[in-house]
4 protein chains.
Amino acid sequence: MVKAPNAPRRRESSRLAVLTATRELCEENGYGRLTIEAIAARAGVSKMTIYRWWPSKGAVVLDLIDEAAAVTADPPDTGDLAADLHTQLSEVINLLTPQPTSPVTGVITEAQYDPDLARALRERLIEPRIAKFKDRLRRAQEQGQLPVDADFDVALDLLFGPIYHRLALHLGMPDPDYLDTLITHVLRALNPPPHRLDGAATA
Amino acid sequence: MVKAPNAPRRRESSRLAVLTATRELCEENGYGRLTIEAIAARAGVSKMTIYRWWPSKGAVVLDLIDEAAAVTADPPDTGDLAADLHTQLSEVINLLTPQPTSPVTGVITEAQYDPDLARALRERLIEPRIAKFKDRLRRAQEQGQLPVDADFDVALDLLFGPIYHRLALHLGMPDPDYLDTLITHVLRALNPPPHRLDGAATA
Amino acid sequence: MVKAPNAPRRRESSRLAVLTATRELCEENGYGRLTIEAIAARAGVSKMTIYRWWPSKGAVVLDLIDEAAAVTADPPDTGDLAADLHTQLSEVINLLTPQPTSPVTGVITEAQYDPDLARALRERLIEPRIAKFKDRLRRAQEQGQLPVDADFDVALDLLFGPIYHRLALHLGMPDPDYLDTLITHVLRALNPPPHRLDGAATA
Amino acid sequence: MVKAPNAPRRRESSRLAVLTATRELCEENGYGRLTIEAIAARAGVSKMTIYRWWPSKGAVVLDLIDEAAAVTADPPDTGDLAADLHTQLSEVINLLTPQPTSPVTGVITEAQYDPDLARALRERLIEPRIAKFKDRLRRAQEQGQLPVDADFDVALDLLFGPIYHRLALHLGMPDPDYLDTLITHVLRALNPPPHRLDGAATA
DNA sequence: AGATAAACGAGACGGTACGTCGGGTCTTAAT
DNA sequence: ATTAAGACCCGACGTACCGTCTCGTTTATCT
């Protein structure tokens, strides 16, 4: 960024044009082929306007993701823990793979070399989802569906890990049935064997 | 690539200089900041020489990974399944993070945009390790340490997933204690409790 | 220019701030490095205000010159023609080079590309001085110090030409001694020798 | 310039294309509107190629002038001093005003802010002409057409000054008749009055 | 041992995109 | 209604790498 632009004088039409152009270009060529130059041209906006409001290409795309992700915001709670986890996992899968090349994975990659972007990514995209995930687990715990000493971090790793596993290796995302299998296994892992249930869980 | 160079006249010293320069630059700036120009300069090699033998930047790094992967020792089998899994997971973690910025980390993350690279990565680096992992599980199964219907793919996902999870989100790799916790959970997930499963745990 | 501002509501403080900033920046970086942006910033004035009142960068500098030119004293007439010419030439030299980099120098050199600026420059700065110069020559002529057919345009060219010559070629201005030499030569050129001209000199 | 390109590997066709494009663009829009971007586009050459071989826009134009000026290289010596001076002055006038806006005046202007360019301009364009001018005067002096103490610097100023005088003030260049008048005056200035010739010139 | 043919270093080249600067126009708020 | 502030579109700047393309010059085989 050049200097503090701090102003409510920002022109909303430019902001929208940039985001729209970015979305289109991402869909057409993928995040990897995206350039500021092209965004500016497509949006009918000067490059300076982009640099004034966004520190990097990744930041523009992050704003884009924000808008898309905001739609599916509210955490589900149907009472059926497995089903709700299935819903949350599906949402992440859809976010990561709307098309063959998702802007989200691009931003994740770029964040590796851009600490500011990485922070924004965590704060705005990742941590809220983790929080909701743990909220749901906590409610299940309160209702006795999970032991009091269930390790939520492990649950997070075990359930979301496979998604990134496949993402990294360029494999297809898990289908719903496999998701169910995963969830079943993980819930079983969180619940110690029944013959020790009383002793272990209440300790 | 320009034309088929097929020749045993290739100069080994140039090959090594390129790989060494690439490794150094990766460690210094990360894979994302790597340029052919810089490799050529550091290696004292002409750009043409690089383009003659490698189709892309990713391919050079892949050769680098090959070297790293070749070091792999034989799969451990001490009789203690949990300990052996721990060893295998640690080896992968060390491969991915010998330094803060590892070429391997970068090439895996970046493989999102290069399907060829991703495939080569799977074939040369990932699948051999998966095979060894499943071998070990199979032996454990034969010795009655795992049920006959244990799902090895799920085991793979649950154990390796967390590593990629952290890789993608640019978090630190799990420490040995946490690895133990993970393995304990996963083994528990693979071993369904002998009875009372429905009522107590997954309901 | 944007639109006719015709208003006596113009704020004098802004006008002065612009002129002062322009003078300072000219002296610091030279006319060629002058930017409207920098003038506005230094003057604490918006760019719009500058564009409203001056059609171009050159016009601002021209106003500056006007101020400098207004200082001009009355034409000297001490009775000594050579001394008076020396005085007039020195005044022009001082106007052009009060500092190493003078706004006037720059605007004259740059006037090549702005006919309007060049015309304004002639009318406001140059021609008044030419008029005074010719006045002085005319008085000398009336007093018999110059022949009745002395060519004043040639005199103008010969006396002022060397100044522009050095200006164009970015050389230092003539010192007083050299000025005397010049004037001596030119007066000699205007006064044809009473006899033997053909035979001795120009043959 | 970026780094030392020192190479006879320079492609002559590119050099010519750049100079040709520069000439055309100068003629079409004038030196002031000339941009490196446009030269590169018109010449079908990358910007880097221009920056590699020329330190600035002015340097390109200077090369252009060099070629044009090299044509009229040899100093005239017909035995008629006045006529030869006329020829030399005309050549300079033509160089400065081939069209309304000459590249030469542009380079002269730019040289004010670019010491390197100014030096190149002096060495390659100005000083050779001054040398030839003084050569001619020296020959005339040896043949007794000028006094032994004739001041060549003054002669230079008086003869070339008027050209720059008019150039600076955006006036038309002197016509041949006026040139003759000027030369006559200057030669007269250089020749002290006949009745003091012996005493003054030999002193 | 000399010839020959490929790989090689060097780096010029046409491109594309970068991130920055300044030009000149336009809008908003405040004085 | 002028002003300060500054966002905005535009065009050019000078730079970094890209991948291609010569140039001689090694260097390693094959006569």
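Because the structure is predicted, anything quoted here is derived from the model rather than measured. Naming: A, B, ... by sequence-line order, numbering from 1 per chain.
- Listed by chain and number, the residues in a side-chain hydrogen bond (donor to acceptor under 3.5 Å, both in side chains) with B:Glu12 are B:Arg15 (sequence neighbours excluded).
- When the nucleotides F:dA4, F:dC8, E:dG9 are ranked by their closest atom to the side chain of C:Thr49, F:dA4 comes out on top.
- By the 4.5 Å heavy-atom criterion applied to side chains, A:Tyr51 and A:Ile36 are counted as neighbours.
- Taking each heavy atom of D:Leu19 and D:Glu67 in turn, the nearest pair found is CD1-OE2, 3.7 Å.
- Ranked by how close their nearest DNA chain F nucleotide is to the 5' end, D:Leu34 and A:Ala43 are led by A:Ala43.
- Straight-line distance from the CD1 atom of A:Ile39 to the C1' atom of E:dG19: 14 Å, rounded to whole Å.
- Protein atom CH2 of B:Trp53 is 12 Å distant from nucleotide atom P of E:dG9, rounded to whole Å.
- The side chain of C:Val45 sits closest to F:dA4 out of E:dT20, F:dA4, E:dG9.
- In this entry the distance linking CH2 of C:Trp54 with C1' of E:dT25 reads 18 Å, nearest Å.
- Between D:Val61 and D:Tyr31, some side-chain heavy-atom pair lies under the 4.5 Å cut-off.
- Following rounding to the nearest Å, B:Lys47 (NZ) and F:dA16 (C1') show an atom-to-atom distance of 10 Å.
- With sequence neighbours excluded, the residues forming a side-chain contact (heavy atoms from CB on, under 4.5 Å) with D:Thr109 are C:Thr109, C:Glu110, C:Gln112, C:Tyr113, listed by chain and number.
- Summarising the geometry, the separation between CZ on D:Arg33 and P on F:dC10 is reported as 19 Å, rounded to the nearest angstrom.
- At F:dC9, one or more side-chain N or O atoms of A:Ser14 fall inside 4.0 Å of OP1 or OP2 (strictly under the cut-off).
- With rounding to whole Å, C:Tyr51 atom OH is found 16 Å from F:dA4 atom C1'.
- A salt bridge links A:Arg124 to A:Asp63: at least one charged side-chain nitrogen sits closer than 4.0 Å to a carboxylate oxygen.
- Closest to the side chain of B:Arg10, from the set F:dT2, E:dC13, E:dC8, is E:dC8.
- Rounded to an integer number of Å, the gap from CD of B:Glu37 to C1' of E:dG11 is 10 Å.
- Relative to the side chain of C:Arg52, the nucleotides F:dT3, E:dC13, E:dG23 differ in distance, and F:dT3 lies closest.
- Nearest to the side-chain atoms of C:Thr35 among the listed nucleotides E:dA7, E:dA12, E:dG23 stands E:dG23.
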- Given C:Glu28 and C:Arg42, is the salt bridge (Lys or Arg N to Asp or Glu O under 4.0 Å) satisfied, shown in steps? CA-CA 12 Å; C:Glu28 289 168 20; C:Arg42 172 82 59 111; 3.0 Å; yes
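- Heavy-atom nearest nucleotides on DNA chain F were determined for D:Ala38 and for B:Ala38, and the one closer to the 5' end corresponds to D:Ala38.
- Note: CZ (C:Arg42) to C1' (F:dA4) measures 18 Å, nearest angstrom.
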Tabulate protein N/O versus nucleotide N/O from nucleotides 27-31 of chain E, keeping only pairs under 3.5 Å, one per line.
{"from": "E:dT27", "atom 1": "O2", "to": "A:Arg9", "atom 2": "NH2", "distance (Å)": "2.8"}

